[in-house]
Student: 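Would you mind keeping the following structure in view while I ask a few things?
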Amino acid sequence: METKKPFERLPTNVGPIHYELYLKPDLQSLTFSGNETIKIEIKSATNKIVLHAAELDVTNASVTLSSGETVTPDVSLSPDDELLTLSFIKELPPGQASLTCSFVGQLNDKLKGFYRSKCIDPVSRKETYAAVTQFCAIDARKCFPCWDEPAIKAQFTVTLCVQDDKVALSNMPVIEESHDGEGNKILKFETTHVMSTYLVAIVVGDFDYVQDKTSNGVLVRVYTPVGRKNQGETALNFATKMLQYYEEYFKISYPLPKLDLIAIADFAYGAMENWGLITFRETRLLVDPANTSSATRQAVAKCVGHELAHQWFGNLVTMEWWTHLWLNEGYASFTENLSVAQLLPEFDIWTQFLHHHHNSALRLDALNNSHPIEVPIGHPSEIDEIFDRISYSKGASVIRMLHRYIGDDDFRKGMNLYLVRHAYKNASTEDLWAALEESSGKPLKEMMTTWTKQMGFPLLTIESSRQLDDSRELVISQAKFGGDGKATECNSLWLVPLSFCKSSSPQEACFATVLKERRATIIVPNVKPDEWLKLNCGTYGFYRTQYPGDLLLQFIPDIKRKTLAPLDRTGLLDDLFALVQCGNASTTTLMELMLGMEDEDNYVVWATINYCLSELAIILSDTALEEPFHKFGRRLMGTIYKKVGWDPQPNESHLKTLLRSMVIDRLGQFGHDGVIAEAKKRFENHICKKEALTADLRAAVYKAVLSTNEKDIFETMLQLYKQEDLHEEKQRISNSLGVVKDAQLLMRVLEFAISDDVRAQSAVSMIVSVGLTAQGRELAWNFIKNNWQTFKNMYKDGILLIALVGQSTENFTSEEKAKDVENFLKQNPWPGVERTVRQSIESIRNHAAWLERDRDSIKDFLSKI
């Protein structure tokens with residue numbers, strides 16, 4: 001088996017102070033040339049300078065010493081290590097010097113480094129290109145030689161030579177413009193603050209923009225494709241208000257004179273927080289008033305809030321190394337909700353947090369192949385794999401738990417202290433705990449280290465409950481929760497903030513303490529004998545809870561009456577579901593509880609029910625129980641379907657709109673005759689332009705009509721995809737095509753996904769959509785195996801390859817498929833996907849064990865429905 005060369009960070013004897021960077025991208029030849037002069041500090045005498053460079057041809061390198069002497073090195077570039085080594089005949093003395101070099105490279109098609117993005121001219125319909133940078137995590141080196149580590153900060157003065165008619169942007173405003181007389185303009189940008197290489201950004205192309213200013217005079221612009229600047233107005237409104245909110249919340253002004261947000265047609269991530277020039281996938285920035293759904297508008301708000309939070313967490317203060325990535329991503333994922341809650345309270349975003357972050361993170365972190373929040377990074381190929389739900393969603397969930405524990409005032413004071421103390425520098429997790437301890441006066445480091453340095457989370461089991469006059473005595477134990485239900489020898493111990501609520505005041509905590517032992521007796525005061533007592537009030541704690549059967553049953557009446565808060569209803573359901581999946585509770589108990597929630601009307605609770613249904617659908621999809629299960633689902637959702645209907649009511653809530661889309665989508669997948677008939681009628685009217693489908697219902701309708709397997713509908717959807725300019729609409733169609741049942745049509749979807757009609761970033765969701773059914777999963781996985789080299793060429797070692805492999809394999813349900821996936825990746829190893837593959841294989845085996853364990857009891861239960 002191939003072994004990696006041990007990874008070492010760059011030597012620290014030489015480092016940059018200031019980069020003077022000149023770049024000339026050519027959008028016809030799709031190449032670029034450049035040169036740079038780097039002011040460096042030589043800290044100790046050396047005959048070698050080592051920095052990063054990749055996929056560049058580097059020439060004319062020299063170093064000018066403080067004495068004025070210029071020396072020329074031997075230049076060697078190691079493609080495997082991505083290291084540029086400059087070797088000198090004699091030692092360079094300590095002191096400041098200047099390193100200069102020239103270089104050329106390709107505007108690649110891998111969505112990383114300095115790359116090309118294909119655009120369509122709105123008038124001529126001709127293809128043009130934009131040049132775009134995506135340097136996070138380690139790809140600035142693909143644009144210019146540099147010290148490409150987050151802790152090695154410097155200032156940057158960027159100069160661009162571009163065609164006169166092109167828009168050219170970088171992190172800072174233009175301070176000087178000239179022309180070369182050959183149709184090019186030369187733009188020099190203001191020098192940046194000290195920052196990391198991965199935050200440098202450059203975009204050149206054809207764009208329109210809308211603009212506004214904050215109350216503090218910061219110019220905010222949203223750049224859009226030509227002819228679509230009205231689609232930037234919503235994001236502009238979000239950005240200006242959120243920027244002002246963060247300045248007040250952090251008590252630190254945004255330090256740059258401008259902030260640009262720009263929609264990029266080809267983009268691997270959702271967005272990237274480059275300081276002063278944030279790049280976005282189009283679906284995370286553009287809002288078309290007539291064609292954007294409520295869910296997408298919410299996603300835009302969250303994404304803008306996330307990236308703006310990074311201007312402080314990540315940009316002003318940067319993690320010292322990728323081990324501390326969560327300091328960027330966990331905090332931004334938490335803080336985005338602060339700004340959205342302030343600006344758009346109707347979204348009830350903190351209740352939705354459970355669905356988007358908390359529950360999602362618990363599911364991944366239950367796997368034996370999860371990783372700690374602070375994950376040691378060895379080789380750089382491992383970095384992309386930690387841009388996952390642990391760094392983002394578990395990080396955010398742990399911060400939410402901490403925020404609740406110390407209170408908002410002390411939290412804000414601690415954040416300000418952390419940001420001021422480490423401004424324009426780098427920090428580690430320990431620095432954060434120190435600031436929060438100082439602001440709160442609580443020993444947080446000891447507690448929080450148990451959550452960030454250990455993989456997984458605890459299962460808290462209430463072993464017994466006893467009434468003591470006017471108080472309740474509970475015996476509670478903790479042990480690491482395992483998604484496979486197998487007991488493991490584990491020394492992990494968490495310091496767990498506990499909170500309780502009771503039936504007489506279900507909406508607020510009545511008691512709080514900290515569990516520090518593996519097993520403890522806790523006495524909760526002022527609880528009457530006839531009251532229930534619930535652990536983890538508001539589901540703020542990042543753990544699962546297991547009740548004895550009789551205690552769990554006590555909650556049922558209040559779940560049905562909805563007097564138990566939505567956060568607690570969804571928390572109880574998700575905990576039970578996790579216990580079912582690992583074999584510590586029966587599937588039929590879960591299904592009975594869900595039937596008891598037929599009258600539920602909260603979107604977030606239904607989102608959890610919907611997730612449970614989707615997982616059950618996966619394990620039953622290749623069995624004779626599939627149709628009886630669909631019947632169960634149709635019955636369960638019958639009441640809520642009647643309540644939400646098809647048409648929005650005047651002034652209805654945002655969450656009801658989201659709920660309607662979800663209910664109709666799920667019932668369509670369950671073959672509900674009424675839903676499919678109505679979907680076909682509305683689809684026909686939409687195609688014939690009699691009455692346009694509302695954007696909120698399009699995805700659900702597209703899936704419903706495609707599920708009928710009618711070839712003419714399938715052909716119509718392919719044509720719609722090819723003709724559509726709005727990426728959001730393309731994405732809806734991408735995510736729908738895989739629901740067709742005919743094997744030949746499914747193969748056409750797979751072939752279409754890697755055709756020139758589909759952008760590389762969209763191919764993943766299209767292929768994954770094919771895996772919605774058992775038949776489709778087999779076809780999609782075989783397609784990936786048969787075209788493995790094609791996908792490696794498309795995505796190299798980036799996050800899209802990770803997503804393709806993980807999402808296309810994790811839903812198999814047999815040991816045979818687990819071995820198939822395992823063997824294929826052994827025979828075709830690829831750095832950067834190992835952990836994802838291990839997680840998928842573990843999920844497959846967990847699915848198989850669950851089906852084997854509960855198949856007969858599920859059959860008996862469904863036979864009585």
Side-chain angles (χ1 to χ4, degrees), residues 1-4 363-372 375-376 378-379 381-390 455-456 481-488 490 581-583 615 618-623 750 763-764 767-853 855:
M1 183 175 176
E2 180 183 359
T3 58
K4 295 174 185 170
R363 291 161 192 152
L364 177 57
D365 207 27
L367 297 178
N368 295 320
N369 287 291
S370 181
H371 63 81
V375 55
H379 196 275
S381 65
E382 299 168 12
I383 295 173
D384 277 339
E385 280 197 298
I386 66 167
F387 281 84
D388 63 3
R389 284 175 284 162
I390 302 301
M455 185 179 79
F481 181 81
D484 58 5
K486 296 177 182 177
T488 57
C490 178
Q581 284 189 304
C582 73
E615 287 293 290
I618 287 168
I619 67 163
L620 300 176
S621 61
D622 198 21
T623 73
L750 294 169
V764 172
I767 293 168
V768 169
S769 80
V770 174
L772 292 173
T773 63
Q775 178 191 38
R777 278 192 286 278
E778 191 72 35
L779 290 171
W781 175 232
N782 286 333
F783 185 77
I784 291 169
K785 289 190 291 184
N786 293 335
N787 293 275
W788 185 238
Q789 190 59 50
T790 297
F791 290 116
K792 285 169 64 176
N793 293 339
M794 285 173 66
Y795 301 129
K796 197 169 171 52
D797 53 358
I799 60 167
L800 290 174
L801 184 65
I802 293 170
L804 177 69
V805 173
Q807 294 175 33
S808 296
T809 58
E810 64 185 359
N811 291 335
F812 284 116
T813 60
S814 70
E815 175 62 23
E816 177 188 4
K817 295 312 299 180
K819 289 180 178 176
D820 179 26
V821 174
E822 196 169 38
N823 290 335
F824 179 77
L825 272 301
K826 278 182 181 177
Q827 295 163 12
N828 299 274
W830 195 248
V833 300
E834 293 98 333
R835 180 182 282 117
T836 301
V837 170
R838 292 196 301 269
Q839 290 170 349
S840 291
I841 293 166
E842 186 178 349
S843 294
I844 295 168
R845 289 184 167 131
N846 287 350
H847 281 141
W850 180 18
L851 179 60
E852 177 67 22
R853 186 174 58 242
R855 183 199 300 259

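As the structure is a prediction and not an experimental result, all values here were calculated from the model.
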Student: With a 4.5 Å limit on heavy-atom distance, are the side chains of D484 and R845 in contact?
Tutor: no

Student: Mind checking whether F824 and I784 have side chains closer than 4.5 Å, heavy atoms only?
Tutor: no

Student: From S840 OG over to L367 CG, what is the distance, rounded to the nearest 0.5 angstrom?
Tutor: 9.0 Å

Student: Do the non-hydrogen side-chain atoms of W788 and F783 ever get within less than 4.5 Å of each other?
Tutor: no

Student: Nearest 0.5 Å, please: how far is CZ in F791 from CG in L800?
Tutor: 11.5 Å

Student: Counting only heavy atoms not in E815 (residues, nucleotides, ligands), do more than 12 fall under 6.0 Å from its CD?
Tutor: yes

Student: Do R838 and E834 have side chains that approach each other closer than 4.5 Å (heavy atoms only, starting at C-beta)?
Tutor: yes

Student: So, the side chain of S843 versus the backbone of Q839: is there a donor-acceptor pair under 3.5 Å, distance only?
Tutor: yes

Student: Starting at CD1 of I767, measure out to CG of L750 and round the result to the nearest 0.5 Å.
Tutor: 6.5 Å

Student: Under 4.5 Å between any side-chain heavy atoms of E615 and H847, yes or no?
Tutor: yes

Student: Are any non-hydrogen side-chain atoms of D622 and T773 less than 4.5 angstrom apart?
Tutor: no

Student: Are Q827 and N823 linked by a side-chain donor-acceptor pair shorter than 3.5 Å?
Tutor: no

Student: Does E385 reach the main-chain N or O of R835 with its side chain, forming a donor-acceptor pair under 3.5 Å?
Tutor: yes

Student: From I844 CD1 over to R777 CZ, what is the distance, rounded to the nearest 0.5 angstrom?
Tutor: 10.0 Å

Student: Would a distance-only check, ignoring hydrogens and angles, find a side-chain to backbone donor-acceptor pair under 3.5 Å from Q581 to G483?
Tutor: no

Student: Do L851 and L620 have side-chain heavy atoms sitting under 4.5 Å apart?
Tutor: yes

Student: Please give me the minimum heavy-atom distance between W781 and V821, naming the atom from each residue.
Tutor: CZ2-CA, 3.8 Å

Student: So, the side chain of D820 versus the backbone of E816: is there a donor-acceptor pair under 3.5 Å, distance only?
Tutor: no

Student: So do H371 and E382 actually touch side chain to side chain, heavy atoms under 4.5 Å?
Tutor: no

Student: Working to the nearest 0.5 Å, report the span between CG of N828 and NZ of K785.
Tutor: 10.0 Å

Student: Mind checking the CZ-CG spacing from F481 to D365? Nearest 0.5 Å is all I need.
Tutor: 10.5 Å

